[in-house]
A.B. asks: 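Pasting a structure below so you can have a look.
Not measured: the values here are computed from a predicted model. All values below were derived from every heavy atom in this structure, side-chain atoms included, with hydrogens, water molecules and symmetry-related copies excluded. All ligand and atom numbering here is 1-based and tracks the order in the structure.
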Amino acid sequence: MVNCHIQTVEIIMKLGYKKIVVKVGSNVITKENGLPDESRIKHLVNQLADIKKQGIEVILVSSGAVASGRSLIKVSEKQDAVTTRQLLAAIGQVKLINTYSSFFATHAIQCAQVLVTKEDFRDRAHYLNMKNCLQILLQNEVIPVVNENDVVSVTELMFTDNDELAGLIASMLNADALIILSNVNGIYNGDPKLEGSAVIEEINGSVANLASFIQTGKSQFGRGGMITKSTMAQKVAKLGITVHIANGTKDDVLTSLLNNELVHTRFVPEKSKSGKKKWIAHSETAATGVVKLNDGAKTVLTSGKATSLLPVGIIEIQTDFLKGDIIKIIDEQHNLIGLGIAEYGSDKARERIGQKKQKALVHYDYFYSAI
Ligand SMILES: Nc1ncnc2c1ncn2[C@@H]1O[C@H](COP(=O)(O)OP(=O)(O)O)[C@@H](O)[C@H]1O
Ligand SMILES: N[C@@H](CCC(=O)OP(=O)(O)O)C(=O)O
């Protein structure tokens with residue numbers, strides 16, 4: 001036993017992460033018959049406990065409320081999809097968190113339930129309140145178990161899926177890595193079910209044809225699918241956080257991943273961005289104004305150099321905004337170039353369109369390039 005533990009200590013230190021966010025998909029912890037896979041949950045908790053005991057901060061984002069609810073109640077077929085989801089999640093989340101809590105308790109570790117909605121990330125003050133709460137949990141050696149609050153998050157107010165939520169949490173907490181556990185070994189260069197397909201082990205920067213490898217279908221209990229997972233992973237890696245997509249149904253997946261011994265997909269991180277840029281990057285739905293740029297301004301702004309958005313490159317203010325609002329910056333073909341915080345409102349910006357020597361509309365420190 002002692003030797004085994006010492007070995008685990010060495011294993012976990014190899015990648016050198018200090019803070020990780022682990023996202024567990026519904027499929028990982030749900031059996032084929034739809035019932036929660038308690039032995040899988042227990043095995044994951046054992047690994048997370050080992051990792052935490054090495055001094056690594058762990059935040060868990062776990063799906064599975066709806067799947068857990070299905071095991072507890074029979075839903076009338078007449079009930080619509082939204083209400084069914086609310087009902088199943090409301091009941092299932094209790095079971096899910098109790099399962100985690102009892103397994104963590106065997107390691108003398110406390111976990112906390114943190115349920116969030118997309119709205120919680122929109123307003124910067126609200127965002128910082130949530131960040132503060134998660135940090136205080138971590139400082140008190142508690143493992144936050146985060147899920148979307150499916151009871152109140154409906155339709156357009158929902159996250160695409162929990163991968164998006166996990167990306168937001170990893171960015172908010174400046175994690176070193178985000179580990180997404182699904183029921184496949186990673187992103188394949190073709191249909192994962194076909195023999196000729198292989199796992200793409202490293203993705204560096206934005207890969208133009210990545211989406212073409214991915215089948216649109218998703219797994220039995222999943223919500224978003226692999227396309228949303230890979231889009232989110234590229235965005236998070238661009239902010240400076242390593243993203244791993246691995247198979248959570250494999251034994252010892254976390255320990256072998258952290259020991260660099262697992263075949264999976266790893267997104268190479270770019271240089272780390274500031275906390276404010278990380279928030280701006282995830283704030284597209286909170287944007288009010290839309291500003292169109294000419295091609296010259298687009299080239300300068302996306303060159304990777306520290307340049308601010310000057311009125312000389314603006315060709316149109318499409319939607320109004322106030323000073324301090326998040327604005328979308330688009331090119332002549334209406335593609336998103338980036339997001340930024342407006343230094344002044346749309347009235348002033350309109351007066352200055354195309355003019356030289358005017359104050360920047362978006363300062364470089366508050367600009368996130370989506371390209
Ligand atoms: N090229 C691909 N590589 C890996 N998985 C893929 C690919 N194309 C489609 N998929 C599907 O994506 C699924 C994982 O996404 P999703 O259903 O959202 O899972 P989760 O519940 O883990 O979030 C896999 O089960 C697989 O069927
Ligand atoms: N919040 C939902 C999970 C939704 C979701 O994104 O699921 P998945 O694609 O399996 O990560 C639940 O707990 O059932």
A.B. asks: Which atoms of ligand 2 sit under 4.0 Å from any heavy atom of Gly25?
C.D. replies: 10 (O), 11 (O)
A.B. asks: Can you get from Val94 to Val45 by hopping between Ile, Leu, Val, Met, Phe, Trp and Tyr side chains that sit under 4.5 Å apart?
C.D. replies: no
A.B. asks: Below 30° counts as parallel, above 60° as perpendicular, anything between as tilted: where do the rings of Phe104 and Tyr100 land?
C.D. replies: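 Correct class here is parallel.
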A.B. asks: Indicate, with yes or no, if Val151 and Val114 share a hydrophobic cluster defined by side-chain heavy-atom contacts under 4.5 Å among Ile, Leu, Val, Met, Phe, Trp and Tyr.
C.D. replies: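 Result: no, two separate clusters.
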A.B. asks: State the atoms of ligand 2, each with its element, that fall below the 4.0 Å cut-off from a heavy-atom position in Asp161.
C.D. replies: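 Here the atoms of ligand 2 in question are 6 (O).
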A.B. asks: Ignoring angles and geometry beyond distance, decide whether Gly190 reaches within less than 3.5 Å of ligand 1 through its nitrogen or oxygen atoms.
C.D. replies: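 Checking ligand 1 against Gly190, an N or O pair does fall under 3.5 Å apart.
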A.B. asks: Check each heavy atom of Gln93 against ligand 2 and say whether those closer than 4.0 Å belong to the side chain, the backbone, both or neither.
C.D. replies: neither
A.B. asks: Geometry only, no angles: is Ser26 polar-contacting ligand 2 at N/O separations under 3.5 Å?
C.D. replies: yes
A.B. asks: Only one of Leu339, Leu309, Ile280, Leu301 passes side-chain contact (heavy atoms from CB on, under 4.5 Å) with Phe367; say which it is.
C.D. replies: Leu301
A.B. asks: Under a 4.0 angstrom heavy-atom cut-off, which atoms of ligand 2 come close to Lys23?
C.D. replies: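 Result: 8 (P), 11 (O).
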A.B. asks: What atoms in ligand 2 come closer than 4.0 Å to a heavy atom of Asn147?
C.D. replies: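 Answer for ligand 2: 1 (N), 12 (C), 13 (O).
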A.B. asks: Hey, is Gly64 one of the residues with a heavy atom under 4.0 angstrom from ligand 2?
C.D. replies: yes
A.B. asks: With atoms numbered from 1 as shown, which atoms in ligand 1 lie under 4.0 angstrom from a non-hydrogen atom of Asn183?
C.D. replies: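 Heavy-atom distances to Asn183 below 4.0 Å select 24 (C), 25 (O).
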A.B. asks: Please confirm whether Asp163 comes within less than 3.5 Å of ligand 2 when only nitrogen or oxygen atoms on both sides are compared.
C.D. replies: no
A.B. asks: Is the NZ or CZ atom of Lys277 both under 6.0 Å from the centre of the six-membered ring of Tyr364 and within 45° of that ring's axis?
C.D. replies: yes
A.B. asks: Tell me which one of Gly186, Ala166, Gly25 gets a heavy atom nearest to atom 4 (C) of ligand 1.
C.D. replies: Gly186
